[in-house]
Amino acid sequence: MGLKIVQNFGGSFTLNPEAKSVLFELLKSPEFGHQIAEAAQCHHVEFTELMFQPVPYSEQTPKGMPREFEPYHESDDYLIINVPPNFMFKAKIFNPSRICVVYRKLR
């Protein structure tokens, strides 16, 4: 069985309003923000409400994310994290199976 090279991957998705509300509430919680800030070794973080579905690595997406999110990946002022699986479950989000979100570091 050989490898299949993905030329283009549609990473767009839509969350229903209830699931999005629950997810954003969890991602904005002070406790979770504190955990993220501690791991990032910064004073505080702020959830930007930007999110994306990780995409397969390809020539067009060498970082495994849509191109419009690469500046956040390259910046020292932002963090990109995977949404914890238990948050996805609590928000009843099963498709997509993975979501990444962007936080801004506050110093």
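We number each residue from 1, following the sequence as shown.
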One pair to check against side-chain contact (heavy atoms from CB on, under 4.5 Å): F47 and V45. What are the steps and the verdict?
CA-CA 7 Å; F47 179 48; V45 294; over 6 Å; no
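From F13, atom CZ reaches atom CD1 of I99 across 4.0 Å, with rounding to the nearest 0.5 Å.
Looking at Y78 and T48, their side chains come closer than 4.5 Å, going by heavy atoms from C-beta outward. For the pair P62/E70, a side-chain contact is recorded, criterion being any heavy-atom separation below 4.5 Å from C-beta on. Residues R98 and N82 have side chains in contact (heavy-atom distance under 4.5 Å, counting atoms from C-beta outward).
Shortest non-hydrogen contact noted between P66 and Q53 is CD-O, 4.0 Å. Of all heavy-atom pairs between L79 and K105, the closest is CD2-CE, 3.3 Å. When all heavy atoms of I80 and C100 are compared, the pair lying nearest together is CG2-CB, 3.9 Å. The two residues K63 and Y57 make their nearest non-hydrogen contact at C-CE2, 3.4 Å.
The hydrophobic clustering, which links ILVMFWY residues whose side-chain heavy atoms are closer than 4.5 Å, places V102 and L106 apart.
Under the 3.5 Å distance criterion, the side-chain polar atoms of T61 are matched with a main-chain donor or acceptor of P56. A side-chain donor-acceptor contact under 3.5 Å links S75 to the backbone of D77.
Salt bridge annotation for E46-R104: present, with a cationic side-chain nitrogen under 4.0 angstrom from a carboxylate oxygen.
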Donor-acceptor list for residues 15-37 side chains, cut-off 3.5 Å, not counting sequence neighbours:
from: N16; atom 1: OD1; to: E18; atom 2: N; distance (Å): 3.0
from: N16; atom 1: OD1; to: A19; atom 2: N; distance (Å): 2.7
from: K28; atom 1: NZ; to: E49; atom 2: OE2; distance (Å): 2.5
from: S29; atom 1: OG; to: L26; atom 2: O; distance (Å): 3.1
from: S29; atom 1: OG; to: F32; atom 2: N; distance (Å): 3.3
from: H34; atom 1: NE2; to: E38; atom 2: OE1; distance (Å): 3.4

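For E68, the CD atom sits in a packed shell: over 12 heavy atoms of surrounding residues, nucleotides or ligands are nearer than 6.0 Å. Enclosure of atom CZ in F69 by more than 12 non-hydrogen atoms of other residues, nucleotides or ligands within 6.0 angstrom is indicated. Counted within 6.0 Å of CZ on F89, heavy atoms from surrounding residues, nucleotides or ligands total 12 or fewer; the atom is thus considered open.
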